[in-house]
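Everything below concerns the one structure shown next.
All values below come from the heavy atoms of this structure, side chains included, with hydrogens, waters and symmetry mates left out. Proteins come first, then strands; the chains are lettered A, B, ... in the order of their sequence lines, and each starts at number 1.
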Amino acid sequence: MREVRIRDTMSGELRSLDPGREVGIYACGPTVYSRVHIGNARPFVIFSLLARFLKSEGYETRLAINVTDINDKIYAAAAEAGVGSATLAAEMTAAYFEDTGRLGLGRPDAEPLASETIDAIVELIATLVEDGHAYESGGDVYFSVRSFDGYGKLSHRPTEEMEQGEDDSGSLKRDRLDFALWKGRKEGEDSSWDSPWGPGRPGWHIECSAMAEAELGELPFAIHGGGSDLVFPHHENEIAQSEAARGRPLAKIWMHNGMIETDAAKMSKSEGNIFQLSEALDRFGPEAVVSYLISGHYRQPLAFGAEQLNEAVARVDRLRNFLRSRDDTGQDLERADRSGTGADGAGTGLAATSVAAGALSEFRDALADDFNTPRAMSIAFDLVRRANQEEVPGAGAALAEMLELVGLGSLAAAGDDDGPPAEALELLGQREAARAERDFARADRIRDRLDELGWEVRDSADGASLVPRPGR
RNA sequence: GGCGCCUUGGCGGAGUGGCUACGCAGCGGCCUGCAAAGCCGUUUACACCGGUUCGACUCCGGUAGGCGCCUCCA
């Protein structure tokens, strides 16, 4: 088990995970008022892979990524579309599950919905009201920001400078800093839940506080994450609510991913410069999308464009080509190492063994160091180049294990898909015959025919073979 | 205006006080019947100006430019 360190937004420092305790991770998922875009996929991928890595290191890990399915935007979008808000939310939630599912990373351990956490939300608000941290006003309930000393400690901004603009009905608030915990039902809203303050619905921030403790248990849990655009006010407000109510910190580490940018501007629905996840998956495939999303450090902004996705496709092809050339990808590394030992005389095996194992170890070290996926991938590519230069026992097994850790394990499983059909194999045999007769014109015609069928011919010292043509 | 972050070779993108990141693209070569795959080489990368240092792309200060949040946003 490695020591895993993560940069904490609140302190700005690297913080180590406690190996003795369960690592609870809560990451803010999307508000489901439209189909998710590439930017929404980034935290899903980062936190899914982080949880996967931690589990592989032996940390007992539980990842919760919520769905916010009650929100002003949902009411607005539903009204515009002429459908019920619950219907729209359910549709978009299903689409979110489908789109992120296609990434091939599995599901988080928990994916709570705000609409299914109402009881816990009401209980949490009631506690805040009882303790004097919140007050009812005209059917709404507001959090009293000045009742909480630590306000602003996450986003590092002085309270005097801020304003909560989310609710512009202003008059109901005692202080402009206050924000809504509960919103009384308003004209035109087609859903509401009962509460001690009358029918209404949760405000934007409270659902995360409630879902996080419901899923991860006693506070503080290890990591709270999400996009950097949530630092203020969303996460600041979560901290205020949870810590005021429970008297304990909400999370030990605050971990934020940078924004995806197009033309150096953040991709966002309001900017209109979005690229939907489903379209990216359609055009470039899940491996390329994942490869793209881990190509930069999670904390930094990441440039987006067709060129970047095409590069990701090329990277993935390189890895796949390499794995196809290996016959040890299905083995575990130790066995692959042993089989390499003594392949050509004693002595050389041991040193060679340490190359693959060493690379895997360095790969894991990079992930343990603030989840540095680009550095990890550079180690993977180093191994690929080296093993293409010379015999490196266990390289295929080591690379397969690396890729599995970052959600690209399917590249090593390529052998599982259907091989070339009989027709293609027949053509390949004909081409070999033509080449033997040095009738290269005919051989090339057959190669073109195979290309049309979607198969690429690769000649090697061991004879010709077929691989699926890229982009097929 | 406030808070925070950033500026690396054609592009994307890591990192370090002194040693080739890595990937993609281009060019040249090797291999190949020709390709593909792969390998090698390649255009002296670190915004600018000062400072600290034996030595800075890496630390400090300033200048210029950019981004994020401060309103819904992953």
Side-chain angles (χ1 to χ4, degrees), chain A residues 9 12 27-31 33 36-47 65 68 71-73 76 152 155-158 160-168 204 225-234 236 256-261 264-271 274 291-292 294-297 299-305 307-322 324-325 366 369 372-382 384-390 434-435 438-441 443-444 447-448 451 456-461 464-465 467 469-470:
Chain A
T9 304
C28 287
T31 299
Y33 63 95
V36 294
H37 57 71
I38 280 270
N40 296 299
R42 193 177 194 187
F44 183 90
V45 169
I46 293 298
F47 290 102
I65 301 181
T68 295
N71 180 279
D72 288 354
K73 291 239 169 192
S155 56
H156 310 108
R157 53 190 86 205
E160 295 315 312
E161 309 255 341
M162 3 174 163
E163 191 162 356
Q164 299 277 351
E166 193 212 346
D167 190 286
D168 55 346
W204 175 35
S228 61
D229 53 352
L230 296 181
V231 172
F232 186 90
H234 186 56
E236 195 72 72
H256 292 101
N257 63 272
M259 299 292 101
I260 303 262
E261 301 182 336
K266 170 187 167 184
M267 179 182 293
S268 73
K269 293 170 187 172
S270 49
E271 289 286 328
I274 63 168
S291 172
Y292 163 70
I294 63 171
S295 69
H297 185 89
R299 193 162 249 281
Q300 299 305 133
L302 186 61
F304 175 84
E307 189 181 347
Q308 277 69 238
L309 268 298
N310 282 325
E311 281 184 17
V313 170
R315 270 198 301 275
V316 159
D317 283 343
R318 177 164 166 80
L319 296 169
R320 194 187 277 118
N321 281 333
F322 175 75
R324 279 196 182 118
S325 74
D369 182 13
N372 195 326
T373 53
R375 202 172 89 209
M377 289 311 291
S378 80
I379 291 158
F381 280 107
D382 268 336
V384 168
R385 177 162 32 76
R386 183 148 181 184
N388 275 326
Q389 290 168 320
E390 62 190 41
R435 291 181 72 211
R438 303 195 66 79
D439 183 352
F440 297 121
D444 289 350
R447 184 165 62 195
D448 290 344
D451 184 70
E456 190 173 278
V457 177
R458 296 226 171 126
D459 294 331
S460 77
S465 60
V467 300
R469 176 161 48 76

_Checking contacts here: which listed nucleotide (B:A74, B:G23, B:G68) is nearest the side-chain heavy atoms of A:Arg315?_
B:G23
*Proximal nucleotide (of B:A35, B:C24, B:A74) relative to the A:Leu230 side chain*: B:A74
*What does B:U63 pair with, Watson-Crick or G-U, if both distances are under 3.5 Å?*
B:A47
*Please work out if A:Arg458 contacts a base, only the sugar-phosphate, or nothing of the nucleic acid, heavy-atom cut-off 4.0 Å.*
base
*Does the side chain to side chain contact (heavy atoms under 4.5 Å, CB included) test come out yes or no for A:Phe44 and A:Val36, once each step is laid out?*
CA-CA 11 Å; A:Phe44 183 90; A:Val36 294; over 6 Å; no
*Just name whichever nucleotide pairs with B:G55, Watson-Crick or G-U, keeping both distances under 3.5 Å, else none.*
none
*Pick the C1' atom in B:U58 and in B:A47, then give their distance to the nearest Å.*
15 Å
*Can you find a side chain N or O atom of A:Asn388 that sits less than 4.0 Å from OP1 or OP2 on B:A37?*
no
*asked:* Measuring from the side chain of A:Arg438 (C-beta onward, heavy atoms only), which nucleotide among B:G33, B:A14, B:C40 has the closest atom?
replied: B:G33
*Span that lies between the C1' atom of B:G68 and that of B:C30, in whole angstrom*: 48 Å
*asked:* Does A:Asn321 reach a base, just sugar-phosphate, or nothing at all? Heavy atoms under 4.0 Å.
replied: sugar-phosphate
_I'd like to know whether A:Arg375 forms a side chain to side chain contact (heavy atoms under 4.5 Å, CB included) with A:Asp369, so could you lay out the CA-CA distance, the side-chain angles of the two residues, the decisive distance to 0.1 Å, and finally the verdict._
CA-CA 10 Å; A:Arg375 202 172 89 209; A:Asp369 182 13; 3.2 Å; yes
_Once you apply a heavy-atom cut-off of 4.0 Å, does A:Gly39 come out as touching a base, just sugar-phosphate, or nothing?_
base
*So what does A:Gly29 touch, heavy atoms closer than 4.0 Å: a base, only the sugar-phosphate, or nothing?*
sugar-phosphate
*If every non-hydrogen atom of A:Asp382 is compared with every non-hydrogen atom of A:Arg385, which pair is closest and at what distance?*
OD1-NH2, 2.7 Å
*asked:* Closest-nucleotide mapping onto RNA chain B: is A:Phe322 or A:Gly226 further toward the 5' terminus? I mean the 5' end.
replied: A:Phe322
*Searching all strands shown, indicate the nucleotide that pairs with B:G1 (Watson-Crick or G-U wobble; both distances under 3.5 Å).*
B:C70
*Could you measure between the two C1' atoms, the one in B:C57 and the one in B:C48, and give it in whole Å?*
14 Å
*Touch check for A:Asp444, heavy atoms < 4.0 angstrom, all strands: base, sugar-phosphate only, or nothing?*
base
*A:Phe440 has a side chain; which of B:A36, B:A14, B:G33 sits nearest to it?*
B:G33
*Between B:A14 and B:U7, how far is it from one P atom to the other, in whole Å?*
9 Å
*What does A:Leu302 touch in the nucleic acid at a heavy-atom separation under 4.0 angstrom: a base, only the sugar-phosphate, or nothing?*
sugar-phosphate
*Can any side-chain N or O of A:Asn321 pair as donor or acceptor with the backbone N or O of A:Asp317 at less than 3.5 Å?*
yes
_OP1 or OP2 of B:C69 under 4.0 Å from side-chain N/O of A:Arg157_ = no
_With nearest nucleotide decided by heavy atoms, which residue, A:Glu307 or A:Arg386, maps closer to the 5′ end of RNA chain B?_
A:Glu307
*Which nucleotide in the list B:C22, B:C11, B:A74 gets nearest to the side chain of A:Asp382?*
B:C22
*When all nucleic acid strands are considered with a 4.0 Å heavy-atom cut-off, which category describes A:Pro374: base, sugar-phosphate, or nothing?*
base
*Let me know the distance between CD of A:Glu311 and C1' of B:G10, rounded to the nearest Å.*
11 Å
*Check whether any side-chain N or O of A:Glu261 sits under 3.5 Å from a backbone N or O of A:Pro301 as a donor-acceptor pair, and report yes or no.*
no
*For B:G28, which nucleotide is its Watson-Crick or G-U wobble mate, given both distances must be under 3.5 Å?*
B:C40
*Counting side-chain heavy atoms from C-beta on, which of B:C72, B:C3, B:A74 comes nearest to A:His156?*
B:C3
*Side-chain donor/acceptor of A:Asp459 to base of B:C34, under 3.5 Å*: yes
*Under the 3.5 Å rule, do the base of B:A36 and the side chain of A:Arg447 count as making a donor-acceptor pair?*
no
*Base, sugar-phosphate, or nothing for A:Ser295, non-hydrogen atoms under 4.0 angstrom?*
sugar-phosphate
_Can you give me the closest heavy-atom contact between A:Ala434 and A:Ala443, atom names plus distance?_
CB-N, 3.9 Å
*May I ask you to say what A:Val457 touches in the nucleic acid, namely base, sugar-phosphate or nothing, with a heavy-atom cut-off under 4.0 Å?*
base
*Does B:A21 pair with anything, Watson-Crick or G-U wobble, both distances under 3.5 Å, and if so, with which nucleotide?*
none
*Under 4.0 Å between any heavy atoms, over every strand shown, what does A:His37 touch: base, sugar-phosphate, or nothing? Just pick one.*
base
_Whole-Å P distance, B:C49 and B:G12_ = 23 Å
*Let me see the working for A:Leu319 and A:Met377 under side chain to side chain contact (heavy atoms under 4.5 Å, CB included), right down to the final yes or no.*
CA-CA 11 Å; A:Leu319 296 169; A:Met377 289 311 291; 4.0 Å; yes
*Over how many whole Å does the gap from A:Asn310 atom CG to B:G12 atom P extend?*
15 Å
*Stepwise side chain to side chain contact (heavy atoms under 4.5 Å, CB included) test for A:Arg299 and A:Ile46*: CA-CA 10 Å; A:Arg299 193 162 249 281; A:Ile46 293 298; over 6 Å; no
*side-chain N/O A:Arg318 vs B:G38 OP1/OP2, d < 4.0 Å*: yes
*For B:C69 and B:A37, measure between their P atoms and round to the nearest Å.*
41 Å
*Does A:Lys266 put a side-chain nitrogen or oxygen below 4.0 Å from OP1 or OP2 of B:A74?*
no
*Pick base, sugar-phosphate or nothing for A:Phe381, based on heavy-atom distances below 4.0 Å to the nucleic acid.*
sugar-phosphate
_Can you check the distance between B:U32 and B:G15, where both ends of the measurement are the P atom (answer in whole Å)?_
41 Å
*Could you give the distance separating B:C31 and B:C40 at their P atoms, to the nearest angstrom?*
15 Å
